[in-house]
Amino acid sequence: MEPMDISKTFDPTQIEKKWYAYWMERHYFVPAEETDIKPFTILIPPPNVTGILHMGHVLNNTLQDVIVRYYRMLGKPTLWLPGVDHAGIATQNMVEKQLADQGLDRHILGRDKLVELIWQWKHEKGDRIIEQLKQLGCSCDWSRQRFTMDEMLSRAVKEVFVSLYEEGLIYKGKYIINWCPRCVTALANDEVEHDDEDGKLWHIRYPEVDGEGHVVVATTRPETVLGDTAVAVNPRDERYRHLIGKDLHLPLTGRRIPVVSDDYVDMGFGTGCVKVTPAHDPNDFEIGRRHDLPQLLVMDEHGIMNATAGHEFEGMERYACRRKVVEMLAAQDLLEKVETHKHSVGHCYRCDTVIEPYLSDQWFVAMKPLGERAIEVVESGEVKFYPERWTKVYMHWMHNIRDWCISRQIWWGHRIPAYYCLACDHMIVAKKMPHTCPRCQGSSFRQDEDVLDTWFSSWLWPFSTMGWPDETEDLKRFLPTDVLITAPEIIYLWVARMIMSTLKFRGVIPFHTVLLHGTVRDEIGRKMSKSLGNSPDPIDIIESVGADALRFSMVFSTPKGADVFYSDAMLETGRNFANKIWNAYRFIMMNAEQVAGLPAKDKLVMELADRWIYSRLQQVISESREHYEALRLNDAGQCLFQFIWDEFCSWYIELAKDRLYQSDDAGKRLTVKYILLDVMQTAMRLLHPIMPFITEEIWQSVKMLFPMPEESLIIAAYPEADSSLIDLAIADEMALVQESITAIRNLRKQVNLSPASEIEITIKVSDDRQNRLFQQYHAYLNKLARVNQAYVGTTLSKPPQSIGAVVRNVEFYMHLSGLVDIVAEKERLGKQMEKLTKELTAIQNKLANDNFVQHAKAEVVDKERAKLAEVNTKANLLRQQMENLG
RNA sequence: GGGUGAUUAGCUCAGUUGGUUAGAGCGCUACGUUGACAUCGUAGAGGUCACUGGUUCGAGUCCAGUAUCUCCCA
């Protein structure tokens, strides 16, 4: 390759397509067969089939890909198992919306036709998000891609349902659900939108049966009085204790209802008496259960009052009924008062109708028996959460676990495998439609109309995707998997349930580690959402700055599971970094043309900077390994960013230039060329998990010049640190040089000397080692601080007309040529003196404090003393300089 | 209402078992086209660590309370 053909800025589009195709052709993402090495496995949280890639997916899948690629490089057979979720309600809604545009609705179409339409849609457009994940660089094993409605997964769903039913852990019962009377359908919790509204609070009198008194209850929905079956008070409430167990007259109905005691009642709210309507309020439903109260449904599925409400109200719309109830109460002097009241009201997300809590037949899973083992495995540490604090959230939910309502009144999903005999209504739960009714010998059946909650297929993901209930090779090999990476919002919905199901049906944990990451927000902290329009399209970003830049920015900005604040500035971090790497590569290639016969590593003529960069490289290798393994991906990113940008580019490459351009020693030139290629190549491997495309591109191209086997692949190994190359003495010397260069640059700045002007420096060192160091490497000062002439010695003193700085115990004096602004300089020094004095006082006070000297650890005290000496030296120098200025 | 977490520079965040002059990136200011990179370089300014009390020789760090906010569940 002609080096000058390499473009000045990094152009990702071409190379991303090229290398993804290359990886696919070579089956990189398929775990190696025939090996005894324990594989590394990650299950994807399956995105919705309707989904298009958003920033949340980018974060989630980038983190997974980084980890998977890291373990692949460690030589493990690695499986990232991908798939898509059928997302019952969301998908059906989307297709129904399309129908609506054509003036159709599902009732006209019928169930079979609608389901057929959705499948058709899935085949045509459903897997768009999969293509987008590929653009992001995700290294999933696409040959194992699953869909929650696949035959394989449906089999598992039926198997589990039937098995839990037979064990008595699935049952049919009554439950309060959110019901939209206009759409005539049940709504999931997340389909109900809550708004705070100004409503009214009606205070109603319920007369006592024995005695003259009454209690007052407050309600926002007076029509539900008709369905009351009790009044509840708090057992500790002195005001009402005498009423517990007594009866009240329920207004307008002629019924008598008891007073019950329940902890749920808030003594401080309203009058402390609560009317209980078990069939029309979720909290009342729970109270009703505890006290075995009747559940009276007083309206029908359209929100029209029924016969149970009483003949005066039957047939009335719910709000008309509300008005009539209020009128009648007032007429009977049972209305104590009416207040305005702000409260939260649930609305149908589709039609905005006020939802009605509604009692209906539903299917449940009894969760308590499944929860016990799931608690144990987290307590014992078999399953760990990162960050750890989520363990508490998980435990809290598990200890208060409730039965899971798994039926949904929609059409898209796994239909409940329960069949009813048309002749005698006998119910049979079975994997297939039965032939004969065991009770009446009838032979015609209808299947339950409901489908299962989408999570009922997702919770089986760890083994349903691997072919269970068959004992497949994949099951034996890949379960338990290793790390699950997901958002904390679905700890309950998904993570906990997978732990329970996998323990129940496989007897093992599904994964040993759960990594929870934050939410992607916009610059002002809002969640990214379609409706706010604050979510950029990741594909646009990839097309403009590249997947690597996006990936790096995401990884870099997601510390310890905290939220990610997406902004253009944040994206620039990755874009600039990719460009920086690209230009370092470009520079190296420009100078690498003739590096044909490189010297063997042990024949290299290495000097300070060379030994230093190798030493640092080894440390960075170890650190990055530790970070990747501890799942601190942002730390891995930061550590590599800092090494490549600051240490390799800003220091090493800059120092290498002298030898490349000016040295007439061929051995020196060869050494530096070798090291540039070697460090670059190693750094590309370190960074490959985070930025796979650019690192592969550079790897492949450097490989042609660098002495390594032609077939060696970037993924073939994650570098291992060679501790023999770590040299702390060298590191210390280099640090001194670096600090010195910074100090000299500062001196320049202080007197406003242009960085281009050449200067003379007197360096007073305090020992021979330092003397040798500065004699030998004054070229470094020349290159990076434009020190034209350096006088080094142990006995030198401050030259006239100079300003000084101290680094450790080395004094630097920059020779001035009479260009200094005396007044400004004095002011600056005065300010510095003030700061030093303050610090000095603090240390002296500390050391004068007997308590400190006696109680603190010896090393802390020693450190304090050393500091005192250092600060004193600085102060003396400063004083001298101030005197010099007159 | 129950639970959980947070509060450090203009912004986003580090700060490991209490022990430097509380750090980084971005932004801002000044200067700079030094033969990879202006998507760059060098330097600078900027903080009562939310508030109140406590423990300690010593608190951003530990404890209690207050305030404000986040998220999950109801």
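To find a chain, count down the sequence lines: A is the first, B the second, and so on, and within it residues start at 1.
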For [N] and [M], measure between their [atom1] atoms and round to the nearest Å.
{"N": "C69(B)", "M": "C63(B)", "atom1": "C1'", "value": "23 Å"}
{"N": "C73(B)", "M": "U8(B)", "atom1": "C1'", "value": "31 Å"}
{"N": "C26(B)", "M": "U68(B)", "atom1": "P", "value": "36 Å"}
{"N": "G23(B)", "M": "G15(B)", "atom1": "P", "value": "15 Å"}
{"N": "A64(B)", "M": "U20(B)", "atom1": "C1'", "value": "30 Å"}
{"N": "A6(B)", "M": "C13(B)", "atom1": "P", "value": "13 Å"}
{"N": "G47(B)", "M": "A24(B)", "atom1": "P", "value": "15 Å"}
{"N": "A14(B)", "M": "A74(B)", "atom1": "C1'", "value": "36 Å"}

Taking all atoms of both residues into account, what is the closest heavy-atom pair of [X] and [Y], and its distance?
{"X": "R221(A)", "Y": "P357(A)", "value": "NH1-CD, 3.5 Å"}
{"X": "E489(A)", "Y": "L493(A)", "value": "O-CD1, 4.4 Å"}
{"X": "H627(A)", "Y": "C639(A)", "value": "CD2-CB, 4.2 Å"}
{"X": "F556(A)", "Y": "Q638(A)", "value": "CE1-CG, 3.5 Å"}
{"X": "K783(A)", "Y": "E654(A)", "value": "CE-O, 3.4 Å"}

Exercise. Which of the following nucleotides, G2(B), C40(B), U4(B), is nearest to the side chain of W645(A)?
Worked result: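 Nearest to the side chain of W645(A) among the choices is C40(B).
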Exercise. In this structure, which one of D658(A), L677(A), L660(A) forms a side-chain contact (heavy atoms from CB on, under 4.5 Å) with V672(A)?
Worked result: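 Output: one option passes, namely L660(A).
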Exercise. Among I613(A), I653(A), N591(A), V702(A), which one satisfies side-chain contact (heavy atoms from CB on, under 4.5 Å) with L676(A)?
Worked result: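 Exactly one pass, corresponding to I653(A).
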[N] [atom2] sits how many Å from [X] [atom1], rounded?
{"X": "E654(A)", "N": "C37(B)", "atom1": "CD", "atom2": "P", "result": "11 Å"}
{"X": "I401(A)", "N": "G2(B)", "atom1": "CD1", "atom2": "C1'", "result": "17 Å"}
{"X": "N579(A)", "N": "C40(B)", "atom1": "CG", "atom2": "P", "result": "7 Å"}
{"X": "K8(A)", "N": "C40(B)", "atom1": "NZ", "atom2": "P", "result": "13 Å"}
{"X": "L747(A)", "N": "U42(B)", "atom1": "CG", "atom2": "C1'", "result": "14 Å"}
{"X": "E489(A)", "N": "C73(B)", "atom1": "CD", "atom2": "P", "result": "9 Å"}
{"X": "Q642(A)", "N": "A14(B)", "atom1": "CD", "atom2": "C1'", "result": "14 Å"}
{"X": "I491(A)", "N": "C72(B)", "atom1": "CD1", "atom2": "P", "result": "11 Å"}

May I ask you to evaluate whether [X] reaches the phosphate of [N], defined as a side-chain N or O under 4.0 Å from OP1 or OP2?
{"X": "K657(A)", "N": "A36(B)", "result": "yes"}
{"X": "K580(A)", "N": "G41(B)", "result": "yes"}
{"X": "N746(A)", "N": "G44(B)", "result": "yes"}

For this session: Determine, for F587(A) and K657(A), whether the Lys NZ or Arg CZ falls below 6.0 Å from the six-membered ring centre while staying within 45 degrees of the axis.
Result: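 Geometry flag: set, cation within 6.0 Å and 45°.
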Exercise. Just wondering, do M398(A) and M367(A) contact through their side chains at under 4.5 Å, heavy atoms?
Worked result: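 A side-chain contact is absent here, since even the closest heavy-atom pair is not under 4.5 Å.
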Exercise. Is atom CD of E758(A) surrounded by more than 12 heavy atoms (other residues, nucleotides or ligands) closer than 6.0 Å?
Worked result: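 Enclosed.
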For this session: Evaluate whether atom OH of Y386(A) has more than 12 neighbouring non-hydrogen atoms of other residues, nucleotides or ligands under 6.0 angstrom away.
Result: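 Atom OH in Y386(A) is not packed in, count stays at 12 or less.
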For this session: Please tell me which of K783(A) and A578(A) maps to the more 5' nucleotide of RNA chain B, matching each residue to the nucleotide holding its nearest heavy atom.
Result: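 With K783(A) and A578(A) compared, the 5'-side residue is K783(A).
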Exercise. When you match A584(A) and T742(A) each to their closest nucleotide on RNA chain B, which lands nearer the 5' end?
Worked result: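 Result: A584(A).
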How is [X] classified with respect to the nucleic acid when contacts are heavy atoms under 4.0 Å: base, sugar-phosphate, or nothing?
{"X": "E758(A)", "answer": "nothing"}
{"X": "Y492(A)", "answer": "sugar-phosphate"}
{"X": "R748(A)", "answer": "nothing"}
{"X": "N283(A)", "answer": "sugar-phosphate"}
{"X": "R745(A)", "answer": "sugar-phosphate"}

Exercise. Once you round to the nearest 0.5 Å, how far does CG of L655(A) lie from CD1 of I741(A)?
Worked result: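 Rounded to the nearest 0.5 Å, the CG-CD1 separation comes to 6.5 Å.
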For this session: Using a 4.0 Å cut-off on protein heavy atoms (strictly under), produce a 5'-to-3' string for nucleotides 21-32 of chain B with B for base contact, S for backbone-only sugar-phosphate contact, and - for none.
Result: B----S---B--
For this session: Using the aromatic ring of Y661(A) (for Trp, its six-membered ring), decide whether it stacks on the base of G35(B) within the limits of 5.5 Å and 30°.
Result: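 Yes; centroid distance and tilt both under limits.
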Exercise. How does RNA chain B look in dot-bracket form if you count Watson-Crick and G-U pairs under 3.5 Å, write [ ] for pairs that cross, and put | where a base pairs with another strand?
Worked result: (((.(((..((((.....[...)))).(((((.......))))).....(((((..]....)))))))).))).
